[in-house]
Amino acid sequence: SYQRYFARTRMKRLLTLLFACGLLTSLSAQTLSPITWESYEIVLDAPQGMRTNEDGGDSFTAVNEMYELSIGWLEMEGLTLENMGDDLKSLSKEEGVSNFKDILNSENKDFHIRFLQGEIDNAPCLYAFLLAKDESCALFISIFYKEKNDKLPEQMLKSVRFKASPEA
């Protein structure tokens, strides 16, 4: 009868929807693994499969289909804990970051962190300054990503550490 047909059709649609939701969830739940900027022995946790494009001099870049990570070594360059937020805001404006709100503060075992999230040409991005707690260096980090509400860039940022340190 048509009732059984519609019941089977609904069941197939429901199973298809559940499968699709499960597939999307598994794609968005990325596994993180450490990647290392060998030049300065800086480590961070990033989605598996990120390819290192540059690992030399004063910069490091890694990409995959969802994220583009860049790290710059600053050797302090006048950056202090007191001016990190204002300097980040100024740099972000110069770079064309829009739709950002407040400078957010964080820290881990090795770094003081100031960051903001916004957009450049409608692409979500995270910009950050990190100041080593031992005052040996400062880093500038930018992460561009596909999904506006993605929490992974912030996780990546907060995992930055010196290679000799245990995980953050």
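Any value given below was found using the heavy atoms of this structure, including those in side chains, with hydrogens, waters and symmetry copies removed.
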Exercise. Would K89 and I103 count as a side chain to side chain contact (heavy atoms under 4.5 Å, CB included) if you check the C-alpha gap in whole Å, the side-chain angles of each, and the deciding distance to 0.1 Å?
Worked result: CA-CA 7 Å; K89 190 179 280 189; I103 302 293; 4.2 Å; yes
For this session: Would you check, one step at a time, whether the test side chain to side chain contact (heavy atoms under 4.5 Å, CB included) holds for S39 with F60?
Result: CA-CA 9 Å; S39 298; F60 174 88; over 6 Å; no
Exercise. Please walk me through it: do V160 and I71 pass side chain to side chain contact (heavy atoms under 4.5 Å, CB included)?
Worked result: CA-CA 10 Å; V160 175; I71 306 174; 5.6 Å; no
For this session: List the steps and the verdict of side chain to side chain contact (heavy atoms under 4.5 Å, CB included) for L91 and D87.
Result: CA-CA 6 Å; L91 175 67; D87 288 355; over 6 Å; no
Exercise. Are R114 and D86 close enough, and set up right, to give a salt bridge (Lys or Arg N to Asp or Glu O under 4.0 Å), and what steps lead you there?
Worked result: CA-CA 10 Å; R114 301 294 181 270; D86 290 338; over 6 Å; no
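Nearest heavy-atom pair, K133 versus N108, reported as atom, atom and distance to 0.1 Å: NZ-O, 2.7 Å. Taking both residues in full, the closest heavy atoms of T52 and D55 are given as CG2-CB, 3.9 Å, listed atom of the first, atom of the second, then distance. Here the shortest heavy-atom pairing between F115 and S106 reads CE2-CB, 4.2 Å. Minimum heavy-atom separation, A62 to M50: O-CE, 3.2 Å. Closest of all the heavy-atom pairs between G96 and I120 is O-CG1, 3.8 Å.
For the pair D110 (side chain) and I42 (backbone), a donor-acceptor distance under 3.5 Å is absent.
Taking 4.5 Å as the limit, every side-chain heavy atom of I141 sits out of range of all side-chain heavy atoms of I113.
Around the CG atom of D134, the shell of radius 6.0 Å holds more than 12 heavy atoms that belong to other residues, nucleotides or ligands. Surrounding CD of Q48 are more than 12 heavy atoms belonging to other residues, nucleotides or ligands, all under 6.0 Å away.
In summary, the aromatic rings of F162 and Y40 are positioned with their centroids too far apart to meet the 6.0 Å limit.
Identified under the side-chain hydrogen bond (donor to acceptor under 3.5 Å, both in side chains) test for residues 92-102, with sequence neighbours left out: N99-E119.
We find the CE-CD1 distance between M156 and I143 to be 4.5 Å, quoted to the nearest 0.5 Å.
Salt-bridge annotation for K163 and E38: present, with a side-chain N of the basic residue lying under 4.0 Å from a carboxylate O of the acidic one.
Y127 and V63 are assigned to two separate hydrophobic clusters, defined by single-linkage of ILVMFWY side chains at heavy-atom distances under 4.5 Å.
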